[in-house]
Amino acid sequence: MQSNPPTMIEIRSHIAGETGEAPAQTDRRVRDLRDYFDIPAVRDGRDHRYRLSGWNRDRQNGLRRALSRRTRAQVLAPQRCAQCGRTPLDHHVVLVVDHKMPREWGGSDDLENLQPLCEDCNSGKKAFYGQYNEYADEIRAAADHDEPHGRIGELLKAFQGNPVPGELIGVVASMKQYQDDWQRRTRELRALGWDYETKRSKDPETGRTLVFYRLIHWEPWPEGSIRAEIEKRK
Ligand SMILES: [Zn+2]
C-alpha cells in the first residue's frame, strides 16, 4: 500500500483542475465507491487521507444487513418520538428507527446510535443533515477522535468557519462515549485558547430553536490528554 496517498484536499484540487468538478461532487464519487470498497478517511496530522482497505464487506454480505427485529423492537419500545415527543397512541404518528449519526457518515447499528423518531421528524432530520453531506468525510474523521473535546474541536475545524448545528456537535461528541453535557465540553475548549461564537435561529419548518457554533480560532491539541490539559489550565 502506498504510504503517503494524496490527502482529501489534494484529490479534490486535482479533480477540480482536471474536470472542473466541485469538491462536493468529488466527495460524492468517493461515497459511490464505498458501495463496493471499504475506504475510510483516516486522520494524518492535520490532513485526512482516503485509505483503500479492501472490499466493502457489507456489500458482499448482500448490502448492509437490515437491523434485527429484536433491535428494532428495543429501539421503538419507548413508543415516543425522541425529538417531538409525540406517540402513536395519542397522536397517531408512525415511529421509525433513526441512526443518530447517519450510517453514511460512519454511524453504527449499535443501540446507543439508534433512536425512535416519528416519520415527520425523521424526514426533517434527513433534509437538515443532507445539507452537510459535503462534510461527510470530515465528520467521520472527527468522530474517530479518542476524546470528546477532540471530536468536538475537529468537527468545528472541519466546517472551516462555517456554522455547525449544535445537534450535530452533540451526536459527534457522543460517538465513543455518551456525553450528557457536550455544551460544557465545547465551552471547555476556551481554556485551550479556542474561540467560537454561537447563533440561535428558528427552524422555519418545525419552529424549533437551533443553535449554531462557528469556530473563530483554534489551537493545536496538547501532547497528552486534552482533558488533563484543560483541568490544569482552568
Ligand atoms: Zn417527532
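Start at 1 with the first residue, then count along the sequence. Atom set for the values below is all heavy atoms of this structure, side chains included, hydrogens, waters and symmetry mates excluded.
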| Is there any salt bridge (Lys or Arg N to Asp or Glu O under 4.0 Å) pair reaching into residues 80-96, and which pairs are they, with sequence neighbours excluded? | Arg86-Asp120
| Beyond-backbone contact of Leu210 with Phe128, side-chain heavy atoms, under 4.5 angstrom | yes
| said: Is it the case that over 12 heavy atoms from other parts of the model lie below 6.0 angstrom from the NZ atom of Lys202? | reply: no
| message | Can you confirm whether or not the ring centre of Phe159 sits under 6.0 Å from the ring centre of Tyr213? | response | no
| query | Measuring from Cys118:SG to Asp98:CG, what's the distance to the nearest 0.5 Å? | reply | 10.5 Å
| said: Between Gln83 and Arg208, is there a side-chain heavy-atom distance shorter than 4.5 Å? | reply: yes
| query | Can you hop from Leu111 to Leu67 via hydrophobic side chains spaced under 4.5 Å? | reply | yes
| Would Arg151 and Asp146 count as a salt bridge (charged side-chain N to carboxylate O under 4.0 Å, His left out) if you check the C-alpha gap in whole Å, the side-chain angles of each, and the deciding distance to 0.1 Å? | CA-CA 7 Å; Arg151 293 193 287 276; Asp146 288 334; over 6 Å; no
| message | Can you confirm whether Ile216 sits close enough to Arg214 that some side-chain heavy atom of one is under 4.5 Å from a side-chain heavy atom of the other? | response | yes
| query | Just checking, Arg187 and Tyr196: is the charged tip under 6.0 Å from the six-membered ring centre and within 45° of the axis? | reply | no
| task | Classify the angle between the aromatic ring planes of Trp194 and Trp218 as parallel (below 30°), tilted (30 to 60°) or perpendicular (above 60°). | result | tilted
| Mind checking whether Trp105 and Tyr135 have ring centres under 6.0 Å apart? | no
| query | Are side-chain heavy atoms of Ile139 and Met101 found at a separation under 4.5 Å? | reply | yes
| message | Please check: side-chain N/O of Ser174 versus main-chain N/O of Gly170, any donor-acceptor pairing under 3.5 Å? | response | yes
| request: Report yes if some heavy atom in the side chain of Leu215 is under 4.5 Å from a heavy atom in the side chain of Lys157; otherwise report no. | output: yes
| field | Distance, nearest 0.5 Å, that separates OG1 of Thr186 from CG of Leu155 | value | 9.5 Å
| said: Hydrophobic clusters here meaning ILVMFWY residues chained together by side-chain heavy-atom distances under 4.5 Å, can you tell me if Val75 and Val171 are in one? | reply: no
| Side-chain heavy atoms of Leu156 within contact of Leu189, under 4.5 Å | yes
| said: Nearest 0.5 angstrom please: Asp137 CG to Glu104 CD, how far? | reply: 12.0 Å
| message | Looking at Asp110 and Asn113, would you say the former's side chain and the latter's main chain have a donor-acceptor pair under 3.5 Å? | response | no
| task | Report yes if some heavy atom in the side chain of Leu192 is under 4.5 Å from a heavy atom in the side chain of Arg233; otherwise report no. | result | yes
| said: To check you understand the geometry: which heavy-atom pair defines the closest contact between Tyr129 and Lys100, and what is its length? | reply: CE2-O, 3.8 Å
| task | Could you pull out the closest heavy-atom pair between Gly106 and Met175, with the gap in Å? | result | O-CE, 4.2 Å
| Verdict with supporting geometry, Ile226 and His145, side-chain contact (heavy atoms from CB on, under 4.5 Å) | CA-CA 11 Å; Ile226 302 174; His145 208 283; 3.9 Å; yes
| In Å, rounded to the nearest 0.5 Å, how long is the span from CD1 of Ile230 to NE2 of His149? | 3.5 Å
| When you look at Val93 and Thr87, which way does the side-chain contact (heavy atoms from CB on, under 4.5 Å) test go after all the steps? | CA-CA 6 Å; Val93 294; Thr87 69; 5.6 Å; no
| note | Between Pro163 and Tyr132, the two heavy atoms sitting closest are O-CE2, 4.4 Å
| Any side-chain heavy-atom pair from Gln177 and Gln179 closer than 4.5 angstrom? | yes
| salt bridge (charged side-chain N to carboxylate O under 4.0 Å, His left out) between Glu138 and Arg12: does it pass, once the steps are laid out? | CA-CA 13 Å; Glu138 286 90 344; Arg12 284 176 194 162; 3.0 Å; yes
| Spacing of SG belonging to Cys121 relative to NZ belonging to Lys126, to within rounding of 0.5 Å | 12.5 Å
| said: For residues Tyr50 and Leu52: do they belong to one hydrophobic cluster (side chain heavy atoms under 4.5 Å, members Ile, Leu, Val, Met, Phe, Trp, Tyr)? | reply: yes
| Stepwise, does the side-chain contact (heavy atoms from CB on, under 4.5 Å) test hold for Val97 with Gln115? | CA-CA 6 Å; Val97 175; Gln115 64 181 353; over 6 Å; no
| Is it true that Lys125 and Glu167 make a salt bridge, defined as a side-chain N closer than 4.0 Å to a carboxylate O? | no
| message | Ignoring hydrogens, what is the shortest heavy-atom contact between Ala228 and Ser225? Give both atom names and the distance. | response | N-OG, 2.9 Å
| field | Heavy-atom pair with the smallest gap, counting every atom of Leu76 and Pro116 | value | CD2-CB, 3.9 Å
| remark: Between the CD atom in Glu229 and the CD atom in Glu147, the distance rounded to the nearest 0.5 Å is 11.0 Å
| Salt bridge present between Glu231 and Arg227 (N-O < 4.0 angstrom) | no
| side-chain contact (heavy atoms from CB on, under 4.5 Å) between Leu95 and Leu117, intermediate numbers included | CA-CA 5 Å; Leu95 296 177; Leu117 284 188; over 6 Å; no
